Amino acid sequence: MNSIIKIAKRRIEQLYNSIGNEHYKRDFLNALPFWVGAFITGLTAVIYAKLFVWAEIGSIYFFNKASWLFIIISPVSFVLGWWLVKKYAPYAKGSGIPQVTAAIELANPKHNYKVNKLLSLRIVFIKISSSLIMVFGGGGIGREGPIIQIAASIFKKINDILPSWYPKISKQNMIVTRGGCRACFSV
């Protein structure tokens, strides 16, 4: 994965150096991380929505075949979902919107470690996994709040991997931009 990122960074730098117009260079490079973030976030939201539907279908299937199984399935899935969050990503609990709001407020070098706890790729995987487990077990949860934290984590990660030569983009702007398209994530 790191070698792919290194190759992509090198290729982007070569393309950047080949552009003659300085204004175009600056504008293009400032927009590129947002385009990439929007694409990855949109793709993730669609996949998450599909997985969510499959978890609901699985829950309905088991309910129709043997509803008595929910005496076992519901508590096990609720405890498993809770345990995943508690053990691997405690800041993935809840809807995700308060965590993103806090990350926006804390988005400065002094509080980087706090923002890293609130928004990370680990959060993405645990948030998706735990919510799907809960839905399968019959839990009444939505995807709208979680996708906000997932999207902010993706945009933050993109900001984190920008090379040193890249024009600086505020981490706060990257996180806030994700919030501006909240309606886009209700796939």
Side-chain angles (χ1 to χ4, degrees), residues 1-2 5 33-34 36-59 70 72-162 169-187:
M1 181 71 164
N2 283 339
I5 292 173
F34 295 100
V36 170
F39 177 77
I40 293 170
T41 299
L43 187 62
T44 303
V46 169
I47 292 169
Y48 183 45
K50 293 288 184 191
L51 291 172
F52 211 86
V53 168
W54 290 347
E56 289 173 334
I57 290 170
S59 179
F70 274 84
I72 300 165
I73 293 173
S74 290
V76 168
S77 66
F78 290 11
V79 169
L80 179 59
W82 168 84
W83 178 80
L84 275 174
V85 170
K86 178 110 172 113
K87 173 109 172 124
Y88 296 105
Y91 294 99
K93 66 183 172 188
S95 76
I97 295 170
Q99 291 88 331
V100 173
T101 303
I104 291 167
E105 294 295 321
L106 296 170
N108 63 54
K110 181 179 175 184
H111 298 289
N112 257 353
Y113 70 98
K114 292 178 184 175
V115 174
N116 290 338
K117 288 181 180 183
L118 295 168
L119 305 173
S120 68
L121 293 182
R122 177 183 291 210
I123 295 282
V124 171
F125 294 112
I126 297 300
K127 193 90 163 169
I128 291 172
S129 302
S130 65
S131 64
L132 293 175
I133 290 168
M134 294 289 285
V135 168
F136 179 77
I141 61 172
R143 338 179 282 279
E144 294 80 10
I147 200 66
I148 299 297
Q149 189 174 15
I150 290 166
S153 295
I154 290 168
F155 273 80
K156 182 200 161 289
K157 185 61 179 175
I158 289 169
N159 187 270
D160 289 347
I161 64 171
L162 292 176
I169 298 173
S170 161
K171 185 176 297 201
Q172 189 174 32
N173 285 348
M174 288 292 280
I175 297 169
V176 169
T177 298
R178 173 273 342 132
C181 192
R182 187 175 359 210
C184 301
F185 304 123
S186 298
V187 177

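Note that these values count all heavy atoms, side chains included, but never hydrogens, waters or copies made by symmetry. It should be emphasised that the depicted structure is a prediction, and the values quoted were computed from it without experimental measurement.
Leu118 and Ala103 get closest at one heavy-atom pair: CD1-N, 3.8 Å. Closest approach of Leu84 and Ile133 over heavy atoms only: CD1-CD1, 3.5 Å. For Ser74 against Gly137, the heavy-atom pair with the smallest separation is OG-O, 2.7 Å. Scanning all heavy atoms of the two residues, the minimum distance from Tyr91 to Lys117 falls at CB-O, 3.3 Å. Here the closest heavy-atom approach between residue Ala92 and residue Ile126 is recorded as CB-CG2, 4.3 Å. Residues Gly37 and Ile158 come closest through the heavy atom pair CA-CD1, 3.2 Å.
Counting heavy atoms from C-beta on, the side chains of Ile47 and Ile128 never come closer than 4.5 Å. In this structure, the side chains of Ser120 and Ile123 come closer than 4.5 Å at one or more pairs of heavy atoms. Side-chain contact check for Ile150 versus Ile147: some heavy-atom pair is nearer than 4.5 Å.
Evaluation of the salt bridge (Lys or Arg N to Asp or Glu O under 4.0 Å) rule for Lys156 yields Asp160 as partners, not counting sequence neighbours. In terms of the side chain to side chain donor-acceptor pair (under 3.5 Å) criterion, residue partners of Tyr48 (sequence neighbours excluded) are, by chain and number, Ser131.
Distance CD1/Ile154 to CG/Leu43: 9.0 Å, rounded to 0.5 Å. In this structure, CD1 in Ile57 is found 12.5 Å from CZ in Phe52, a value given to the nearest 0.5 Å. Separating the NZ atom in Lys127 from the CZ atom in Arg122 is a distance of 15.0 Å, to the nearest 0.5 Å. From Ile104, atom CD1 reaches atom CD of Gln99 across 12.0 Å, with rounding to the nearest 0.5 Å. In this structure, CD on Glu56 lies 11.5 Å from CG on Leu51, to the nearest 0.5 angstrom. Between atom NZ of residue Lys87 and atom OG of residue Ser130 there is a gap of 15.5 Å, rounded to the nearest 0.5 Å.
Checked against the 6.0 Å centroid threshold, Trp54 and Phe136 do not count as a close aromatic pair.
Ser77 places no side-chain N or O within donor-acceptor distance of the main-chain N or O of Met134, the cut-off being under 3.5 Å.
Ring pair Phe155/Phe34 is tilted by interplanar angle, where 30° to 60° counts as tilted.
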